[in-house]
Amino acid sequence: MVNRRKFIKNTSLGGAFLLAGNTFADIIPVGNITTSIDNEPIVISTWDFGIAANAAAWQILKNNGRALDAVEQGAMVPEADPKNQSVGLGGLPDRDGIVTLDACIMDEFGNCGSVAALQNILHPISVARRVMEKTPHVMLVGNGALQFALQQGFKQVNLLTPESEKDWKEWLKKAEYKPVNNIENKSFSPRKLPGNEYNHDTIGMLALDSKGNLSGACTTSGMAYKIHGRVGDSPIIGAGLYVDNEIGGATSTGVGEEVIRNVGSFLVVELMRQGYPPEEACKEAVMRIIKKKPETAKEVQVGFLALNKKGQYGAYAIQKGFSFAVCNKQNQELLIKGNSYY
Ligand code: ASP
C-alpha cells in the first residue's frame, strides 16, 4: 500500500531526477522511502551475458522476492558458465596460470560484503554475501577468503578450464600485458581475436524489487594475465559497485584501475543524488576518467551502468561496444548498446 505521504515524496523524488546538473542545494530529502507507486521490479546487468543472468534474477523479482536474492542468483549464472572467460569458472588466469576471483554485493540497508583474489571457489558472489551476513567485516582476500569459504561449506573446484589454460599457454609465448576492450562482445572467445590476445569483463548487476528496494552484485575473474595478487575495481565497494537505497545503484566494467582512481560507482550514485539522470551520471563519471588521463583513456574501456530509485536506468562507456541487458515486466531479454565517448 502506498499512502499519500509516500506518494508526494516519490513525486518529489521523480522531479529531482529530472533536474540534471543541479547543485547540492536542490537535493530533495527522500527519507526512508521503500515503496513507490510507479516503480516496477527491474534488473539490469552488464554485457550480453547479462541476459541469462537477468533471467535468473527475474525469477525472484517477479515473485516479489528481495533484490538481494535476485542479484546473487543472477550473478551466479555467468560464474558457473565455463564458456565465459571473464567471470568465475573458465575465467582467464593471471600470468602465473592461477584463476583469481573478485566479487562484492550490497543490499538496501547499506550492508556490503566482498572477496578479492579468491581461488578455487565457484561462486565468489555467495562468499561475499556470507562475509556481509556472517562476519563483522566487509572484505576478505586471498587465502583468508578461501579459508572462510571452506568453513562456510563451499567446496574447492578447479576453475581453470582446458580452453583458458590453452589461451594462457599461448599468451605465455609473448607474455605481453595488453588488455583488449569489449572482449565479451566477441562471442566470449579470445581465440577468435587476431593474435590470441587478452580479455577482461565483469558482470555488474543492479535490481529494484517490488518493495522498491535496491541491491547490487559484481563478480569477475578480472584482467586476464594480471600480476598475481592484482585486485581490480569489482570487489571494491564504491568503485565496482555502490548502492544507496535512497538514490540508486551503479556498477562498472572495464579497466578497474581507472575506476578505482575515480571511485567510479560511488561517484555515479552521488551524481544521481544531485539530480543527474542515470546515463548523464555515468557519462560524467566517464568524463572524469578521460579528463584526468586523456591519453590512457583513448586505449582503455570503462563502462558504467546505473539504476535509480524510480527504476530508470542508463549507461555510458569510454569506448564503443559496451552493451547491457535489461529485464522487467515489459521486456525479458532487452539488450541495449550503450552510448560512448568515442
Ligand atoms: N573491471 C574488471 C577488473 O578490472 C574487469 C572488467 O570488467 O573488464 O578486474
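Read the numbers this way: they start at 1 and go in the same order the structure lists the ligands and their atoms.
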Pick out the protein N or O atoms lying less than 3.5 Å from any N or O of ligand 1, and list each pair with its distance.
| unit_1 | atom_1 | unit_2 | atom_2 | d |
| --- | --- | --- | --- | --- |
| ligand 1 | 1 (N) | Asp233 | OD1 | 2.6 |
| ligand 1 | 1 (N) | Gly254 | O | 2.6 |
| ligand 1 | 4 (O) | Arg230 | NH1 | 3.4 |
| ligand 1 | 4 (O) | Arg230 | NH2 | 2.8 |
| ligand 1 | 4 (O) | Asp233 | OD1 | 3.3 |
| ligand 1 | 4 (O) | Gly254 | O | 3.3 |
| ligand 1 | 4 (O) | Gly256 | N | 2.9 |
| ligand 1 | 7 (O) | Thr202 | N | 3.3 |
| ligand 1 | 7 (O) | Thr202 | OG1 | 2.5 |
| ligand 1 | 7 (O) | Thr253 | OG1 | 2.8 |
| ligand 1 | 7 (O) | Gly254 | N | 2.8 |
| ligand 1 | 8 (O) | His200 | ND1 | 2.5 |
| ligand 1 | 8 (O) | Asp201 | N | 3.0 |
| ligand 1 | 8 (O) | Gly254 | N | 3.2 |
| ligand 1 | 8 (O) | Gly254 | O | 3.4 |
| ligand 1 | 9 (O) | Arg230 | NH1 | 2.7 |

For residues 129-140, which side-chain donor-acceptor pairs fall under 3.5 Å, sequence neighbours excluded?
| unit_1 | atom_1 | unit_2 | atom_2 | d |
| --- | --- | --- | --- | --- |
| Arg129 | NE | Glu133 | OE1 | 3.4 |
| Arg129 | NE | Glu133 | OE2 | 3.0 |
| Arg129 | NH1 | Asp69 | OD1 | 2.7 |
| Arg129 | NH1 | Glu72 | OE1 | 2.8 |
| Arg129 | NH2 | Asp69 | OD1 | 3.1 |
| Arg129 | NH2 | Glu133 | OE2 | 3.3 |
| Arg130 | NH1 | Gln152 | O | 3.2 |
| Arg130 | NH1 | Gln152 | OE1 | 3.0 |
| Thr135 | OG1 | Val131 | O | 2.7 |
| Thr135 | OG1 | His137 | N | 2.9 |
| Thr135 | OG1 | His137 | O | 3.3 |

Taking only distance into account, with no hydrogens and no angle test, what donor-acceptor pairs under 3.5 Å do side-chain atoms of residues 115-125 form with protein atoms, sequence neighbours excluded?
| unit_1 | atom_1 | unit_2 | atom_2 | d |
| --- | --- | --- | --- | --- |
| Asn120 | ND2 | Gln156 | OE1 | 3.4 |
| His123 | ND1 | Glu79 | OE1 | 2.9 |

Counting only pairs under 3.5 Å, give me each side-chain donor-acceptor contact of residues 231-243, with atom names and distances, residues two or more places apart or in other chains.
| unit_1 | atom_1 | unit_2 | atom_2 | d |
| --- | --- | --- | --- | --- |
| Asp233 | OD2 | Ser252 | OG | 2.6 |
| Ser234 | OG | Thr202 | OG1 | 3.4 |

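One finds a salt bridge joining Arg273 and Glu270 here, because a Lys/Arg side-chain nitrogen approaches an Asp/Glu carboxylate oxygen to under 4.0 Å. The pair Lys169-Glu165 counts as a salt bridge, with a side-chain nitrogen and a carboxylate oxygen less than 4.0 angstrom apart. Ion pair Lys292/Glu258 not flagged as a salt bridge, since none of the NZ, NE, NH1 or NH2 atoms sits closer than 4.0 Å to an Asp/Glu carboxylate oxygen.
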